[in-house]
Asker: 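Please find one structure pasted underneath; my questions will follow.
Since the structure is predicted, the reported quantities are computational estimates derived from the model, not experimental observations. For ligands, and for the atoms within them, numbers begin at 1 and follow the listed sequence.
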Amino acid sequence: MASFKVLSVVSEVFPLVKTGGLADVAGALPAALGHHGVETRTLIPGYPMVLASLGTREAVHRFDDLFGGPATLIDGRAGGLDLFVIDAPHLYDRPGGPYMGPDGLDWDDNARRFAALGAVASGIGLGLVPGFVPDIVHAHDWQAGLAPAYLYYAGTRRPGTVMTIHNIAFQGQFPAHEFGMLGLPPHAFGLHGVEYYGMVGYLKAGLQLADRITTVSPGYAGEILLPEAGMGLDGLLNARSHLLTGILNGLDDSGWNPATDTLIAKPFDAKSLKARAANKVALKEAFGLDPDPGALLFGVVSRLSWQKGLDLLAESLDTLLGLGAQLVLLGAGDADLAGRFAGAAHVHPGRIGVQLGYDEGVAHRIQAGADMLIVPSRFEPCGLTQLSALRYGALPLVARVGGLADTVIDVNEMARSAGVGTGIQFAPVTTPALQMALKRAAGLWGDPALWQKLQRNAMATDVSWKRAARQYDTLFRALAAERAG
Ligand SMILES: Nc1ncnc2c1ncn2[C@@H]1O[C@H](COP(=O)(O)OP(=O)(O)O[C@H]2O[C@H](CO)[C@@H](O)[C@H](O)[C@H]2O)[C@@H](O)[C@H]1O
């Protein structure tokens, strides 16, 4: 029997190229689906670091003109993933990140760069590579949003299409004049196609034209139907809500395993929690914090952006310090926020430690050494850092939104009596509510037996991909059967 095939279409994938959680999910899902007999290929742009990491490579198709230049589709393997890589130097061979140049500005040809991703995905969906004709094309976020659109308008026998929202705040909107270069039929530029408030909307296109829509937690799937969280797409999503499901992300639990983690000072598990203390000592040393072992140590690992609500934390540092607590923060992004935290570390050496930039090792060491991880997001489709925190026994202190609300069990009175709490939730997402939560945390910290119980609960939480893989598998196969029928 031919295996069931999925083409995952994505602009970043761990461990090859990552700016956030999207890469983690795209990197982990193929292996998880493999346990269900699903063969996944990941289609990704050929940025320099992706091409450089390819172990094996074979050209499987040549394009004379892919959105302005010649290109090659490469079949290759890297980082444990089976890949199709679009080697198109005119689109992707440049310094900087996947979306922005070294100057921090979006590439001005992003419309073209990610139209190419969608168009090639559609081509593969329609049989461009005879050895791999997918049953499902799975598009992630706006960068892949045109894949379902191209397939929809191809009008021939085609695979089922699934559009997954990892972050609805990024929608890929481009001026109407870009429509011409897409090569879609003229009627595609309309309300029921790729047009979005007079522009071309890549995410909108995917949401409008895919056979199914998913997002990365059940809670967020509900929230985006509301104007407060739908960011302009709630109307469309309500019209298609019968096709929308929330599937909670998992965590790559081999990469994030405190018992085998080589990036941390000392491995540990729920049975050897004492060994965790060595990680706290090492972390404090690395950030130059006072050794005082009784001080509650909060951690943050985050992109610095409005979404993540870290301005609320910046406004709560006096409260945090007033409780005798300490903070280590690893963050990359918004310069203003970065400056505020760097300034606080300068004013409070020994109490607040800050590292700016992206650092995988430090992210692991914070999860292993901090007592609590703070995630005060204004919205959070799923969130992965609170999942790593659970696994590493850093109790998550989170805003009660989206996937954070779905994954952390607030240690309220009833959770305590049932013995099931794993962290703290706060709402609304405001500075006073965060400050209240910090005070609650300090109260819990004063009860070491309870704290250890919460750590054990947290570490016993199943944050693996197992559940999610089963749900994706069911959804994919049902859709494929429906299209075949
Ligand atoms: N400075 C830094 N250095 C090193 N590592 C850092 C880092 N800052 C963040 N990270 C890492 O990047 C990842 C962040 O993933 P998240 O899911 O928490 O948020 P993100 O908003 O990027 O993802 C979006 O997509 C994912 C995937 O669906 C959703 O979970 C989420 O809600 C949505 O906003 C984690 O693996 C974290 O450890």
Asker: Is the contact between T19 and ligand 1 made by the side chain, the backbone, both, or neither, using heavy atoms and a 4.0 Å cut-off?
Answerer: neither
Asker: Which residue supplies the protein heavy atom nearest to atom 1 (N) of ligand 1, what is that atom called, and how far is it?
Answerer: G357 O, 2.9 Å
Asker: Applying the side chain to side chain contact (heavy atoms under 4.5 Å, CB included) criterion to L327, which one of L297, L289, V300, V354 satisfies it?
Answerer: V300
Asker: Report the part of S388 (side chain from C-beta onward, or backbone N, CA, C, O) that has a heavy atom under 4.0 Å from ligand 1; answer both or neither where that applies.
Answerer: neither
Asker: May I ask you to check if ligand 1 and L384 share an N or O to N or O distance below 3.5 Å?
Answerer: yes
Asker: Pairs of nitrogen or oxygen atoms closer than 3.5 Å, one from A363 and one from ligand 1: do any exist?
Answerer: no
Asker: What part of N167, side chain from CB on, backbone N/CA/C/O, both or neither, has a heavy atom under 4.0 Å from ligand 1?
Answerer: side chain
Asker: What is the ring orientation for H140 with H166, classed by angle as parallel under 30°, tilted 30 to 60°, or perpendicular over 60°?
Answerer: tilted
Asker: Quick check: Y392 with W256 (ring centres under 6.0 Å apart)?
Answerer: yes
Asker: Atom 34 (O) of ligand 1: which of Q307, H364, K18 has the nearest heavy atom?
Answerer: Q307
Asker: Taking side-chain contact (heavy atoms from CB on, under 4.5 Å) as the test, write out the residues that go with A458, two or more places apart.
Answerer: L390, L395, T422
Asker: Whether the side chain of S53 engages the backbone of A78 through a donor-acceptor N/O pair (distance < 3.5 Å, no angle test) should be reported.
Answerer: no
Asker: Flag C382 as yes when one of its N or O atoms lies below 3.5 Å from any N or O atom of ligand 1, and as no otherwise.
Answerer: yes
Asker: Name all residues meeting the side-chain contact (heavy atoms from CB on, under 4.5 Å) criterion together with D108; count only those two or more places apart in sequence or in a different chain, and write none if there are none.
Answerer: none
Asker: So, regarding G383 and ligand 1 (criterion: nitrogen or oxygen to nitrogen or oxygen, under 3.5 Å), is there a contact or not?
Answerer: yes
Asker: Could you work out, for atom 22 (O) of ligand 1, the closest of S377, A332, G21 by heavy-atom distance?
Answerer: G21
Asker: Heavy-atom contacts under 4.0 Å between T385 and ligand 1: side chain, backbone, both, or neither?
Answerer: both
Asker: So, regarding K308 and ligand 1 (criterion: nitrogen or oxygen to nitrogen or oxygen, under 3.5 Å), is there a contact or not?
Answerer: yes
Asker: Using distance alone, decide if ligand 1 has a nitrogen or oxygen within less than 3.5 Å of any nitrogen or oxygen in E360.
Answerer: no
Asker: With a 6.0 Å cut-off on ring centres, are Y202 and F114 close enough?
Answerer: no
Asker: Just let me know how R303 lines up against ligand 1, side chain, backbone, both or neither, with a heavy-atom cut-off below 4.0 Å.
Answerer: both
Asker: Closest non-hydrogen protein atom to atom 8 (N) of ligand 1, residue and atom name please, with distance?
Answerer: S302 C, 3.3 Å
